[in-house]
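All heavy atoms count here, side chains included; hydrogens, waters and symmetry mates do not. Every value quoted in this text rests on a predicted model; they were computed, and no experiment measured them. Both ligands and their constituent atoms are indexed starting at 1 by order of listing.
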Amino acid sequence: MIDAHIHCFPPEISDNITQWADTNNESHWLKLVAPDNKTSLQDWASKEAMLEAMDKANISQSILLGWYWENKATCLKHNELMKQWMDFAPNRLFAFASIYPNEDPIAQLELARSMGFKGVGELHPIIQNYEANKAHWHTMAEWCEANNWPINFHVTEGLNRAYPNFIPTPFHIYLDIATVFPNLRIILSHWGGGIPFFEQNPKLKDRLKNVYYDTAASPLLYDINIFKNVISMIGSEKILFGSDYPLKVYPKKQANADMETFIKDIQMNAGLSETEFEQIFEKNINHLLSLQS
Ligand SMILES: [Zn+2]
C-alpha cells in the first residue's frame, strides 16, 4: 500500500516553531501549525518514527510532499531535507518538491529532478500568489506536462463553517490550469474540495480527465461515506490514498499521529470492493508515476 500524501519537517522544529517560522518568514504555515487559542492538530515525526508508523499501517511506500512556502529559500531548504529522508529509505520514501513558482521555476524543477524528486506539490495558489504570477506558474505546468510530473495542489473545501485560517482556493484556478495543460496530471488534495461533484457536468468532465483527487485529512472534514459517494460520481481510477501524516486526523482518538487509524477505518467502514481498494491504495498512484520512466 502507498500513502501519496505525507509531510516531513525538520525534527528539531517542534521545540521552536515560532522562532523557525519568524526566521524564515513563513507566517501562514505558523498559523496552521500553531493556531492562536486552539490546540494544534499538527504532530511531528522523525524519519525513524515515520517508517515505524508506515510499518504499523502496512504502508510499503510513501510520498513526501513539499509545502506551499511563501519563500523560495524555504522551498530549497525543505527539498534538501526531503532528499536526506529519501536517501535514508530509498525504497520506501519518494518525494514531490517544494516549488516557489514565482521565481525561476525551471531552475528549481531541474534541480529537483537531479535530486530524485518525482513531482511538485503541495502548492497553494492563493498563499503562493498565482494570479499575479500566472505566467511563471504556466511555465512550471508546461515543464511538468512535458516531463510527466504530477502537480499536487492544496484545495480548500468549497464550503465549511468559518475557522481560523480558512483560506478559500477558487476552483476556477484549477479548471484553468487543467484546460491550458490537458495532458498535465493534476492531483487535487483533500478530495479536491468538492470538485468531483462538478465532474458530473459533461462539459467539465473532459477538461478534468487528468485530474486526480487525494484523501488527505479526510476524517477531519468528511464522514467515511465520502469514499463510496465520490466513487459513484467519478469512479475509483482517479482517487489516491493520502493521510496527511503527521497530522492528527482523529484528534479525539489520537494522542499522536499515526497512519493505521485512518486505514483501519477505511477497511472496516468505507465499503470498498477489493478492486476499488487496490486502485486507491496502489494502482492509481503507480500508474501516475510509471508515466515518467
Ligand atoms: Zn493541504
Side-chain angles (χ1 to χ4, degrees), residues 2-9 13 17 21 26-35 38 40-45 50 62-71 74-75 78-79 82 94-101 117-130 137 140 150-171 173-174 177-178 185-196 211-222 226 230 238-251 257 259 262 280 285 288:
I2 299 170
D3 188 331
H5 186 140
I6 65 173
H7 293 286
C8 74
F9 299 107
I13 223 174
I17 300 169
E26 296 291 348
S27 60
H28 177 70
W29 178 83
L30 180 64
K31 280 184 217 143
L32 281 180
V33 299
K38 249 190 110 192
S40 175
L41 300 174
Q42 190 65 53
D43 199 4
W44 311 93
M50 178 178 282
S62 290
I63 300 180
L64 303 168
L65 292 191
W67 191 259
Y68 35 91
W69 302 112
E70 297 172 73
N71 302 277
T74 322
C75 289
H78 195 206
N79 291 346
M82 287 193 283
F94 299 89
F96 284 15
S98 287
I99 296 287
Y100 184 71
F117 287 86
K118 293 186 177 301
V120 169
E122 185 176 3
L123 298 185
H124 195 306
I126 301 305
I127 298 299
Q128 295 181 302
N129 212 356
Y130 168 77
W137 285 65
M140 169 189 69
I151 303 180
N152 184 307
F153 289 101
H154 171 89
V155 189
T156 303
E157 58 279 14
L159 181 66
N160 204 340
R161 68 200 197 289
Y163 57 76
N165 306 311
F166 180 87
I167 311 276
T169 50
F171 290 175
I173 292 174
Y174 307 114
I177 296 172
R185 264 55 182 199
I186 295 172
I187 302 168
L188 298 182
S189 286
H190 318 298
W191 296 106
I195 291 178
V211 172
Y212 292 71
Y213 303 93
D214 82 31
T215 67
S218 187
L220 289 173
L221 297 166
Y222 307 107
I226 191 163
V230 173
K238 305 211 300 171
I239 301 172
L240 310 175
F241 172 71
S243 62
D244 229 347
Y245 177 89
L247 192 69
K248 287 184 257 185
V249 293
Y250 295 85
M259 290 176 182
F262 186 18
I280 293 171
I285 184 66
L288 268 185

What atom name does the N, O or S atom of H190 nearest to the Zn ion (ligand 1) carry? NE2
Among the N/O/S atoms of H154, the Zn ion (ligand 1) lies closest to ND1
Check for a donor-acceptor pair, side chain of Q42 on one end and backbone N or O of L32 on the other, with a separation under 3.5 Å. no
Can we call the ring centroids of F9 and W44 under 6.0 Å apart? yes
Check the orientation of W67 and H7. Use parallel for under 30°, tilted for 30 to 60°, and perpendicular for over 60°. perpendicular
Relative to the Zn ion (ligand 1), which of the N, O or S atoms in E122 is the closest? OE2
Is the backbone N or O of L123 less than 3.5 Å from a side-chain atom of H154, with the two atoms forming a donor-acceptor pair by type? no
